[in-house]
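Residue numbers start at 1 and run along the sequence shown. What you are looking at is a predicted structure, and each value in this text was computed from that prediction instead of being measured. Just follow the structure's listing: the first ligand is 1, and inside any ligand the first atom is 1.
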Amino acid sequence: MTEFKDKVAFITGGASGVGLGQAHRLAERGCRVVIADFNRRHLDEAEEYFRARALPVHTIRLDVTDREGFAAAADEVERLYGHTPDIIVLTAGVNVFGPAEASTYGDYDWVMGVCLGGVINGLVTFVPRMIRRAAGGFVAATVSFGAFGAGPITAPYAAAKAAALNLMESYYMALKPYGIGVCALCPANVRTNIYQAALDRPEKYGASGYNVNEGTQRAVEQVNAAGMDPLVLADKLIEAMQDGRFLVVPYEHGARMVELAYARFPLYCTPEGMQKLAEKKAAPMTEEEKMLFDERENGGTFTPEMMASGFGKAAADVDWVPEAKRAKR
Ligand SMILES: NC(=O)c1ccc[n+]([C@@H]2O[C@H](COP(=O)([O-])OP(=O)(O)OC[C@H]3O[C@@H](n4cnc5c(N)ncnc54)[C@H](O)[C@@H]3O)[C@@H](O)[C@H]2O)c1
């Protein structure tokens with residue numbers, strides 16, 4: 001996709017962080033931008049942000065886990081602009097961290113419901129409408145560099161993102177004949193408000209198995225504060241839309257990062273490989289790994305003081321987890 005003027009762009013999670021940056025850059029290029037977001041406060045702030053810049057956007061309150069709400073939002077866009085969007089950007093996402101073995105159903109239902117379910121719902125809502133319209137278009141999802149890895153405290157998030165990446169790849173293959181481009185955006189650290197999500201988690205998901213409080217989320221905020229500017233990230237997405245690239249790992253050495261992240265899989269297949277993985281885990285990072293880590297995280301690392309907040313621990317009452325991995329009561 002090379003022409004953006006007057007195209008209708010629908011962005012989930014567009015009222016904050018990564019999605020706000022995408023809305024800004026697409027609106028600047030002349031797109032008629034629709035921001036769909038769950039958080040009323042973020043929507044109000046986004047409306048003010050775009051008014052101040054004289055960039056018109058239309059906002060819709062939408063919970064991406066609500067399929068009927070998605071259909072109603074799609075109908076609203078068609079009524080407003082006369083056709084379904086040309087560009088869909090599925091960015092809404094949340095995260096929360098803690099020991100995998102402490103996870104509750106609520107942790108999975110919330111994180112996977114928004115980060116994976118929100119992408120599925122966006123695809124099932126809009127792809128048939130785009131195909132029927134027969135005018136091509138573009139579908140992007142904001143995934144994460146976390147899609148390439150797994151970790152003892154990232155289970156729901158990493159699983160949702162790995163699945164979302166795989167899903168987008170399938171759609172990339174399937175939608176080519178319709179002239180619909182597809183891409184997956186996989187940033188690491190970005191300067192956004194995502195630290196706030198776990199504090200605003202809807203009550204319907206029940207208790208988390210993880211230790212989450214103002215202190216742990218301040219630590220996440222500090223790490224993200226060092227991250228990439230969402231506007232810079234949005235420029236990388238637009239470049240990929242223009243050159244038809246499927247995968248955006250928005251760093252100079254992005255391809256090498258992916259290669260190294262996936263190198264673990266063949267090693268898991270044999271006892272010798274498992275031995276190599278164990279040795280690697282015990283060894284310090286190589287110079288190259290350090291360089292790539294710095295490029296991705298931009299200095300955003302958890303310091304011992306931040307870890308003292310109890311970030312990454314289980315909730316105090318998760319009694320099947322050893323005490324050292326639990327928050328203090
Ligand atoms: N911040 C990072 O370091 C980082 C890194 C990699 C990937 N990401 C991904 O970027 C995406 C955007 O996150 P962000 O960092 O900009 O966070 P953010 O909190 O600043 O923005 C996310 C937006 O999504 C909205 N949202 C949350 N739940 C929703 C729901 N159920 N329905 C509709 N909207 C909902 C929030 O209200 C918010 O406005 C997420 O998918 C996240 O996983 C972020």
Side-chain angles (χ1 to χ4, degrees), residues 10-24 34-47 49 59-67 69-70 73 89-97 109-122 125 140-149 154 156-165 168 184-202 204-205 217 220-234 236-237 248-251 254 257 296-302:
F10 183 96
I11 306 173
T12 70
S16 172
V18 171
L20 186 85
Q22 293 163 339
H24 184 146
V34 180
I35 288 174
D37 202 291
F38 168 68
N39 186 309
R40 188 66 262 170
R41 183 170 41 83
H42 288 178
L43 282 169
D44 291 343
E45 286 168 7
E47 279 171 8
Y49 176 95
T59 59
I60 296 178
R61 182 143 195 252
L62 170 70
D63 178 344
V64 293
T65 67
D66 171 7
R67 292 174 175 167
F70 239 121
V89 187
L90 303 167
T91 290
V94 294
N95 66 19
V96 67
F97 301 105
D109 289 347
W110 181 50
V111 175
M112 299 198 80
V114 179
C115 293
L116 175 60
V119 174
I120 293 170
N121 295 344
T125 302
T142 302
V143 184
S144 171
F145 190 78
F148 304 115
T154 61
Y157 187 72
K161 294 296 185 180
L165 175 60
M168 293 306 285
L185 184 57
C186 292
N189 196 12
V190 194
R191 194 188 319 140
T192 73
N193 299 311
I194 203 161
Y195 68 93
Q196 186 66 38
L199 298 172
D200 290 345
R201 166 176 164 146
K204 69 174 175 181
Y205 294 105
Q217 297 317 103
V220 177
E221 180 184 14
Q222 280 173 277
V223 169
N224 288 155
M228 181 180 269
D229 181 338
L231 289 173
V232 173
L233 181 59
K236 309 267 184 197
L237 170 64
V248 186
V249 182
Y251 308 100
M257 291 175 194
R296 277 196 304 272
E297 304 300 328
N298 203 28
T301 33
F302 283 92

### Task
May I ask you to check whether over 12 heavy atoms, not counting those of R67, lie within 6.0 Å of atom CZ?
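No - once you tally the heavy atoms of other residues, nucleotides and ligands closer than 6.0 Å, there are 12 at most.
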### Query
Which word best sums up how the rings of F70 and F10 line up, parallel for under 30°, tilted for 30 to 60°, or perpendicular for over 60°?
tilted
### Task
Measure the acute angle between the ring planes of Y205 and W110, then classify it against the limits of 30° and 60° as parallel, tilted or perpendicular.
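Rings of Y205 and W110: tilted, 30 to 60°.
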### Message
Determine whether D66 and R61 satisfy the following criterion, salt bridge (Lys or Arg N to Asp or Glu O under 4.0 Å), listing intermediate values before the conclusion.
### Response
CA-CA 11 Å; D66 171 7; R61 182 143 195 252; over 6 Å; no
### Message
Could you check whether any side-chain N or O of T59 sits under 3.5 Å from a backbone N or O of L43, counting only pairs where one atom can act as donor and the other as acceptor?
### Response
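Checked: no pair found.
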### Message
Is it the case that the side chain of N39 and the backbone of H42 share a donor-acceptor pair, with hydrogens and angles ignored and the cut-off at 3.5 Å?
### Response
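Side chain of N39 to backbone of H42: a pair is present.
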### Message
Residue by residue, ordered by chain and number, which ones reach under 4.0 Å of ligand 1 with a heavy atom?
### Response
G13, S16, G17, V18, D37, F38, N39, H42, L62, D63, V64, T91, A92, G93, V94, V114, T142, V143, S144, Y157, K161, P187, A188, N189, V190, T192, N193, I194, N224
